[in-house]
Amino acid sequence: EVQLVQSGGEVKEPGESLKISCKGSGYTFSNYWIGWVRQMSGKGLEWMGIIYARDSDTRYSPSFEGQVLISVDKSINTAYLQWGTLKASDSAVYYCARRGYTTGEAFDIWGQGTVVTVSS
Amino acid sequence: QSALTQPPSVSGTPGQRVTISCSGSSSNIGNNFVYWYRQLPGMAPTVVVYKNNQRPSGVPDRFSGSKSGTSASLAISGLRSEDEADYYCAAWDDSLSGHVVFGGGTKVTVL
């Protein structure tokens, strides 16, 4: 089964750092781009950025550039999203998603989401 | 403010046909494929239409997508209670290489 499995929910305090993960299985991980999408409580989907698993080529949304770091370790089929200094406004659900080929570059496989709560 | 514009909500009774509009620009919808994602409450989104009007296997033919110029739409015919969800349009955007833009989402309510 083709799937993306994300790491579990996190509760952090403002100022802390965080790295969440997204592990792919059931397909050749390095052949695909993995994107990250934020969804704040009760709000819509926001595209954060995307990384090519084979060579780590990364593109960021202007809204998130400099705020987060997207990386990948293709040896363990895992993509990451990390923050150096969390803010309360980073509280949200974060999804990873695979950019498919047969579906014309749609995000065809999604992770289950990671809930990040930042609160003092 | 989202780059793609959708109505916040649409509603219909079972069996009716509803349409969700999505308006963009020449750098996104006008020059690239449109995708539609459905998000059930508490769940991750799933794609229901890709390449403007193609359905993944498993998505019923009650769902149909279309595109004209810088606008697109998703129609759901024979509305069913299980269609109640949030729907998002999306497109790649040429203004910044390799970027995706989403619509703000439309809540479909089955009355």
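The figures that follow rest on heavy atoms only: side chains count, while hydrogens, waters and symmetry mates do not. Order of the sequence lines fixes the chain letters, A, B, ..., with proteins taken first and strands second; residue numbering starts at 1 for each chain.
- In this structure, chain B has a heavy atom under 4.5 Å from the side chain of A/Q39, while its backbone stays farther away.
- Between B/Y37 and A/W110, the ring centre distance stays below 6.0 Å.
- Taking chain B as the reference chain and counting heavy-atom pairs below 4.5 Å, the highest number among A/G100, A/P62, A/G35 is found for A/P62.
- Residues A/F29 and A/I34 meet the side-chain proximity criterion, which asks for heavy atoms closer than 4.5 Å.
- Heavy-atom neighbours of A/M40 CE from other residues, nucleotides or ligands within 6.0 Å: above the threshold of 12.
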Discussion item. A/D90 vs A/K12, test: salt bridge (charged side-chain N to carboxylate O under 4.0 Å, His left out). Steps then yes/no.
Written reply: CA-CA 10 Å; A/D90 293 318; A/K12 293 287 188 178; over 6 Å; no
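- Residue B/P56 does not touch chain A at all, counting heavy-atom pairs closer than 4.5 Å.
- Within the 4.5 angstrom heavy-atom criterion, only side-chain atoms of A/Y95, from C-beta onward, approach chain B.
- Each of B/A91, B/P45, B/G104, B/A44 has some count of heavy-atom pairs under 4.5 Å with chain A, and the biggest count is that of B/P45.
- Surrounding CZ of B/R80 are at most 12 heavy atoms belonging to other residues, nucleotides or ligands under 6.0 Å away.
- With no hydrogens or angles considered, a side-chain donor-acceptor pair links B/S27 and B/D93 at under 3.5 Å.
- For A/I50, the part sitting under 4.5 Å from any heavy atom of chain B is the side chain, from C-beta outward, and nothing else.
- Contacts of A/V37 with chain B are made by side-chain atoms alone, with heavy-atom separations under 4.5 Å and no backbone atom involved.
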